Structure formats: structure tokens, C-alpha cells
Amino acid sequence: TGGVELATTAEAQAGTDTTRVLTPARLRDAVNASGSAPIYACRAWVNFNGTGTVAIRASGNVSSITDNGTGSYVVNLAVAMPDVNYVAQAQARTGSGTNTTRVDVPSSTSSFAILTLNDGSLLDASYVGVSVFR
């Protein structure tokens, strides 16, 4: 019963109105996407300090980080992925050398491993950022 009010582009971008609805085009505009390619949401993400006692700075759909030793971590998801066909990407800052990260191919819907390296050697990272897409 009653009518439905559509959100303007400005209202969609602000994300503060809880009574108006979005059209697909306004949703695309609200997330700053352009073109006709589909939009896929990030299913999980985390920013954590991997030195000393591992500490999550901020996250979405990540319940915890397990420290498996120098430069070796496991990201535990709060809500599991539907299958293991997801992609996890990571970046790390470990020092002044060549920083690299390696994400093991997911074999679990609820967690995956990350290695952080500096000049080819495992090293704890002061900054680790991870995103998961499916």
C-alpha cells in the first residue's frame, strides 16, 4: 500500500536515507562504478598488524587471525564462503626490501593461509591487508 520514493544520486552516494529505494543504476553510481560490467562485492576483508601479538585493526566478515609463526598467518572467516572457488588477495609491509605476500589456494570455505616475505625470507609484517572476492 502506498507509494515508493526513489533516492536521488546524491542520496544514494550519501547512504543516509533509510526510507527511499535505489534503482540498479543509482546503486552502481553510489559505489562509484561506471560502464556496464557487473559489480561484485568484497565478501571479506581485514587490516591487521602481524608483528608481536597479532592485532586486527579493522575487518569485515573476519572473525580472527591465527599466528602460525614468523610470517605465517591464517585468516578465519566469520561467515564461510559458499565454496572454495573464491579469491583472496593480500598485501604486506615488512621492511625496506622487496615485500611479497603469498596466499595459499583456498582449500577451506572458512579460512585460508597467508605468508609474508621480505627478500624471499618469511618475516612478520607490520601491515597486512587482505580482501576476498567470490
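Nothing here was measured: the structure is a model prediction, and the numbers come from that model.
What you find for Thr116 and Ala92 is that their closest heavy atoms are CG2-CB, 3.6 Å. Nearest approach of Phe112 to Ala88, heavy atoms of both residues: CE1-CB, 3.6 Å. Nearest approach of Pro106 to Val84, heavy atoms of both residues: O-CB, 3.7 Å. Across Gly69 and Asp124, no two heavy atoms sit closer than the pair O-OD1, 3.9 Å.
If you check the side chains of Ser63 and Asn76, you find no donor sitting under 3.5 Å from an acceptor.
Under a 3.5 Å cut-off, the side chain of Thr101 and the backbone N or O of Ala90 do form a donor-acceptor pair.
In this structure the side chain of Asn47 reaches within 4.5 angstrom of the side chain of Tyr127, judged on heavy atoms. Between Leu115 and Leu122, the closest side-chain pair of non-hydrogen atoms falls below 4.5 Å. You'll find the side chain of Phe48 stays beyond 4.5 Å of the side chain of Val62, heavy atoms only. Proximity of Val103 to Gln89: side-chain heavy atoms (C-beta onward) are nowhere separated by under 4.5 Å. Contact of the Val130 side chain with the Tyr73 side chain is not registered, since no non-hydrogen atoms from C-beta on lie closer than 4.5 Å. Between Arg134 and Asn85, the closest side-chain pair of non-hydrogen atoms falls below 4.5 Å.
Rounding to the nearest 0.5 Å gives a distance of 11.5 Å between CD1 of Ile56 and CG of Asn49. Considering CG of Leu117 and CG of Leu123, their distance stands at 8.5 Å, rounded to 0.5 Å. Put simply, CZ on Arg43 and CG on Asn61 are 8.0 Å apart, with the number rounded to the nearest 0.5 Å. With rounding to the nearest 0.5 angstrom, the OG1 atom of Thr109 is 8.5 Å from the CG atom of Asp83. Distance check: Asp17 CG to Thr8 OG1 gives 8.5 Å after rounding to the nearest 0.5 Å. For the atom pair OG1 (Thr51) and CG (Asp67), the distance works out to 9.5 Å, reported to the nearest 0.5 Å.
Both Leu77 and Val128 are members of a single hydrophobic cluster when ILVMFWY side chains are connected at heavy-atom separations under 4.5 Å. A continuous path of ILVMFWY side-chain contacts below 4.5 Å connects Ile114 to Tyr86, so both sit in one hydrophobic cluster. Grouping the Ile, Leu, Val, Met, Phe, Trp and Tyr side chains by contacts below 4.5 angstrom, directly or via other members, places Val75 with Val54.
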